[in-house]
There are 2 protein chains.
Amino acid sequence: MPWKGWRRSWRNARPNSGYSMGQAQAKRPTPRAGDATLRGFVGYHVKRAMSVMLADLMRALEPYELRLVTYSALVVIVDNPGLRQAQLADILDIERPNLVQIVDDLEGKGLIRREKVPTDRRAYALMATDRGQEVAGEAGYAIRAAEEQRLVALSDEERREVIRAMNLIERGQGGAKA
Amino acid sequence: MPWKGWRRSWRNARPNSGYSMGQAQAKRPTPRAGDATLRGFVGYHVKRAMSVMLADLMRALEPYELRLVTYSALVVIVDNPGLRQAQLADILDIERPNLVQIVDDLEGKGLIRREKVPTDRRAYALMATDRGQEVAGEAGYAIRAAEEQRLVALSDEERREVIRAMNLIERGQGGAKA
DNA sequence: GAAAATAGATATGATGTATAACTATTATTG
DNA sequence: CAATAATAGTTATACATCATATCTATTTTC
């Protein structure tokens with residue numbers, strides 16, 4: 001048990017603050033090196049977790065030739081037929097110029113259509129095709145499965161707590177003067 | 001209060017599954033559009049929270065001419081004098097080729113030095129300069145302040161819960177077949 | 001009707017991350 | 001000990017996500 005505890009905390013070991021900086025210390029790779037200071041930030045933990053989840057997601061989406069942003073956009077369009085690009089940008093917090101290529105990709109793959117809006121010649125109404133709806137569904141299942149596997153150690157209650165915390169963070173006031 | 005509750009849930013409104021797909025619906029922008037399906041994934045919540053935290057971080061680091069990866073690398077080098085680049089890559093989960101530019105940047109700013117290793121001519125021992133240690137400390141305070149502001153709605157206990165959950169996610173088994 | 005605002009698009013740049021391949025050096029193997 | 005394999009850092013390239021400025025056409029505002 002004490003060994004186990006020590007082993008588990010290896011990555012979070014204290015910085016070697018007692019280390020002298022002489023050349024003698026450079027003879028072999030720094031022992032017990034770690035990211036302890038960074039682990040003091042909540043954001044760093046979130047970043048590290050996000051990295052692995054993102055890799056999972058990309059792998060899950062690969063068979064559908066979708067990525068994070070294209071899948072997200074597709075799902076929102078499927079759920080909200082007739083959506084305007086500006087709305088999509090707002091919903092997903094994506095800059096409008098960046099949406100062009102995304103919408104092009106989806107349209108090119110036959111998953112969505114840009115339809116003209118008779119009452120507003122500046123805009124398109126984004127519609128999902130039948131194929132688009134199908135792909136959104138299948139990809140969603142794949143992501144679901146990947147997420148379930150990743151979150152296997154978290155109870156339903158813990159997941160709800162995470163979601164709650166993430167929402168508080170998302171909706172909180174910005175840190176660092178803007 | 002009921003109005004307030006309705007207002008708050010606008011972004012998470014149900015998908016308009018009852019919507020017909022006729023041209024008539026395209027006349028005005030889709031009302032009550034949202035990302036409800038995506039909100040069903042824990043990962044999406046984490047992604048959205050991560051986005052705002054990352055923006056905070058970039059803003060906080062800007063006065064120091066540092067970014068996420070350069071600050072992270074600097075701190076790890078400060079804490080672990082004599083570190084090898086391969087170690088740094090492992091610790092931060094950064095690909096070794098990507099480290100070259102990062103280390104170049106830090107060295108160019110006078111924050112770290114590459115020192116030769118007499119016993120291994122393939123490697124460098126990365127050392128932080130006095131200036132590097134100073135900048136790491138100051139930038140750390142700035143990030144701390146930004147993070148405190150962002151997390152103001154989370155209790156200490158909730159923060160610990162988040163960290164715990166993120167660690168479980170990070171250390172869990174990968175989702176989606178590799 | 002003129003000015004301001006908006007929708008989507010073009011162009012460009014920054015940041016973070018991935019892979020293949022290379023030279024020099026060290027470690028391993030027989 | 002020599003040949004082979006592995007390693008350290010580097011170069012080159014590509015992909016994904018996200019940001020900003022600017023533009024044309026259209027709609028809204030005053």
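Here the structure is a predicted model, which is why all the values come from computation and not from measurement. Below, each value reflects all heavy atoms present in this structure, side chains not excepted, and no hydrogens, waters or symmetry copies. Every chain is numbered from 1, with letters handed out A, B, ... down the list of sequences.
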Item to check | Lys47(A) and Met53(B): CA distance, side-chain angles, deciding distance, side-chain contact (heavy atoms from CB on, under 4.5 Å) verdict | outcome: CA-CA 9 Å; Lys47(A) 161 83 173 78; Met53(B) 285 193 284; over 6 Å; no
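Between Arg150(B) and Glu147(B), no side-chain nitrogen of the basic residue sits less than 4.0 Å from a carboxylate oxygen of the acidic one, so the salt-bridge criterion is not met. With respect to the salt-bridge test (charged N to carboxylate O, under 4.0 angstrom), the residues Arg59(A) and Glu62(A) do not qualify. With respect to Glu107(A) and Arg113(A), no salt bridge is recorded, no charged nitrogen being found less than 4.0 Å from a carboxylate O.
Rounded to an integer number of Å, the gap from CZ of Arg59(A) to P of dA18(C) is 11 Å. For Leu68(A) and dC15(D), the CG to P distance is 18 Å, given to the nearest whole Å. Remark: P of dG16(C) and CG of Asp104(B) are 15 Å apart, rounded to the nearest angstrom. For the pair Glu95(B) CD and dT11(D) P, the interatomic distance rounds to 17 Å; values are reported in whole Å. Atom CG of Leu54(A) and atom P of dT17(D) are 7 Å apart (whole Å). For the pair Arg67(A) CZ and dA18(C) C1', the computed distance is 15 Å after rounding to whole Å. Rounded to whole angstrom, the span from the CD atom of Gln101(A) across to the C1' atom of dT12(C) amounts to 14 Å. To the nearest angstrom, C1' of dT7(D) lies 8 Å from CG of Asp120(B).
Base engagement by Val100(A) is indicated by at least one non-hydrogen atom pair under 4.0 Å involving a base atom. If you check every strand for non-hydrogen atoms under 4.0 Å, Leu99(B) touches nothing. Within 4.0 Å (heavy atoms only), Arg96(A) reaches at least one base atom of the nucleic acid. Ile94(A) comes within 4.0 angstrom of nothing in the nucleic acid, heavy atoms only.
Distances shorter than 4.0 Å separate none of the side-chain N or O atoms of Arg122(A) from OP1 or OP2 on dT6(C). Put simply, Lys116(A) has no side-chain N or O that comes within less than 4.0 Å of OP1 or OP2 on dT26(D). Within the structure, a side-chain polar atom (N or O) of Arg114(B) is placed less than 4.0 Å from OP1 or OP2 of dT10(D). OP1 or OP2 of dA9(C) has at least one side-chain nitrogen or oxygen of Gln85(A) nearer than 4.0 Å.
Toward the 5′ end of DNA chain C lies the nearest nucleotide of Ile102(B), the other residue of the pair Pro97(B) and Ile102(B) mapping further downstream. Checking Arg121(A) against Thr70(A), the closest nucleotide of DNA chain D that is more toward the 5' end is the one next to Thr70(A). When each of Ser51(A) and Leu83(A) is assigned the nucleotide of DNA chain C bearing its nearest heavy atom, the one mapping closer to the 5' terminus is Leu83(A).
When all heavy atoms of Glu170(A) and Val52(B) are compared, the pair lying nearest together is CA-CG2, 4.0 Å.
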